[in-house]
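One structure is given here, and the rest of the page talks about it.
Lettering follows sequence order; numbering is per chain, from 1. Predicted model only: the values in this text are computed from it and were never measured.
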Amino acid sequence: MLNRIDDYIFEVPIGHQKGMRVPGRIFISERLLEQVESGTLDQVANVATLPGIVNYSMAMPDAHLGYGFPIGGVAAFREDGGVISPGGVGFDINCGVRMLRTDLLAEDVAPMMTNLVEDLFHDVPSGVGAKGRLRVSEHELDEAFTRGAAWAVEAGFGVPEDLEHCEEGGRMEGAKPDQVSLKARKRGRPQLGTLGSGNHFLEIQRVDEIFDDDLAKRFGLFRGQITVMIHCGSRGAGHQICTDHLQVLSRAVKKYGIELPDKQLACAPLGTPEAENYFGAMAAAANYAWANRQIISAWTREVFERYFPDARLDLVYDVAHNVAKVEEHEVDGSRERLYVHRKGATRAFGPGRPEIPMAYREAGQPVIIPGSMGTPSYVLCGSAGAMRLTFGSACHGAGRIMSRTQAKKTYAGAEVKDVLTRRGIKVMATHPKMLAEEAPEVYKPSFEVVDVVHHLDIARKVAKVVPLGVSKG
DNA sequence: ATGTCC
């Protein structure tokens, strides 16, 4: 059913599904491909039927079943004749990850690890319905929706340099807070500055391995260094925004006479009010998520400064894993403005792109790929292959291989915690069952997906970091 | 991911 194009590129032919406008392309190893469910391949084919799709419906090596679009899906649509779809972004709009580098050595931090994790767990609220330490006003909430991390910095969370080291400067243009429902506002207001649940985490790590000395130096990373990773998204606000606009776009499908193989692909033609309103609301959720990670970073710095008053915690970079953006790409030899949907995929721009901060522009964009609890995370660097093959995109991590329900039956939270403790990893969570659901064994290891994008020169391996202390919902 | 079904 699949055509092999290359060692790591497989094609879903146009015949796979009625109405496909372009083929599908999966960037994956043969070994990983064996583990991809047939439903995921069908979803890649379904996305290929959407109007205005450019080149291919793409999937990254960590692809798995999602709502409409696969998680690990990348799809770009031309401005003229294309569509925008909430399914191509996901419910957790701008779920993303940022990495802070310290000037501390693992051996110096080790004695304080318990204190640090306990304080982080206490000072950064987490859990499903977590409400924050913050009491933002309606006006401040609007500021977060409109100006994201830029507002957070002005409000005293972090420094202006942080913004340079965020995708989009931590603030997406075009946000429309008036397209955020009262319900989404009500959910979002008390949750600003909270971590959330599931695979979201706040982690203290040690740089364990450097793959590329020059790139590591540019990113300010060295072996034995302490880093901090923050993985979270737009909480209930983004979820509600997605839910609200899916309803609107389901009606738009009929109104504009779009034929879909799956209702979950609800979308609207670019330029219509429905499409513009979703885009504006999505941008508001993305900004909320950037503000959220910015606030959490400030509290993380406060905790470290308690024990290491002179420590520096500089932002390496902050990437979005779930977002749709307008970007220029080369299509058939000419530059075109495209709406690039990334769902469980990271932007991975190669050297020279103006979107990359000056400090990294010659090298390429830092690509941050979190591991699951207790497993390594990776830093890569966007490369030329991404611009040629994937509209400047790479994988985002490793997908689950066991359902939450099955995980709870198979593992006991307390035991998972014991095993991690014996491996020298201090873990705190709001509930033991969360630890069972997030046991390291329920996820595919990240290194396999990372190796695929490295081999394709989509993103080059720079560093591997291992967890030392984890705070989870 | 998510007030894990209004």
When the ring planes of A:Trp151 and A:Phe157 are compared, do they come out parallel, tilted or perpendicular, using 30° and 60° as the limits?
tilted

Round to a whole Å and report the spacing from NE2 of A:His200 to P of B:dT4.
16 Å

Measuring to OP1 and OP2 of B:dT4, would you say a side-chain N or O of A:Arg404 lies under 4.0 angstrom away?
no

Integer-rounded Å distance: B:dT2 P and A:Tyr67 OH
18 Å

Does the distance from a Lys or Arg side-chain N to an Asp or Glu carboxylate O, for A:Arg400 and A:Glu438, drop under 4.0 Å?
yes

Mind running a 4.0 Å heavy-atom check of residues 126-138 of chain A against DNA chain B and sending the residues that fall below it, in number order?
A:Val128

Please identify each residue that fulfils side-chain contact (heavy atoms from CB on, under 4.5 Å) with A:Ala439, with sequence neighbours left out.
A:Tyr411, A:Val416, A:Glu441, A:Val442

What is the distance, rounded to the nearest whole Å, between atom NE2 of A:His431 and atom P of B:dT2?
16 Å

Please work out if A:Thr243 contacts a base, only the sugar-phosphate, or nothing of the nucleic acid, heavy-atom cut-off 4.0 Å.
nothing

Rounded distance (Å) that lies between atom P of B:dT2 and atom CG of A:Asn292:
10 Å

Could you check whether A:Tyr339 and A:Phe279 have their ring centres less than 6.0 Å apart?
yes

B:dT4 P sits how many Å from A:Lys433 NZ, rounded?
10 Å

Length of the CG-C1' vector between A:Leu195 and B:dT2, whole Å:
14 Å

Using the six-membered ring wherever Trp is involved, compare the ring planes of A:Phe91 and A:His239 and label them parallel, tilted or perpendicular (cut-offs 30° and 60°).
tilted

Over all strands shown, is A:Gly198 touching base, sugar-phosphate only, or nothing at heavy-atom distances under 4.0 angstrom?
sugar-phosphate

Rounded to whole Å, please give me the gap between CD in A:Glu437 and C1' in B:dT2.
12 Å

In whole angstroms, how far is the P atom of B:dC6 from the NZ atom of A:Lys186?
15 Å

Contact class for A:Lys183 (heavy atom, under 4.0 Å): base, sugar-phosphate, or nothing?
base

Below 6.0 angstrom between ring centroids: does that apply to A:Phe145 and A:Tyr288?
yes

Full working for ring-ring contact (aromatic ring centres under 6.0 Å, His included) between A:His329 and A:Phe349
CA-CA 11 Å; A:His329 288 278; A:Phe349 279 175; 5.8 Å; yes

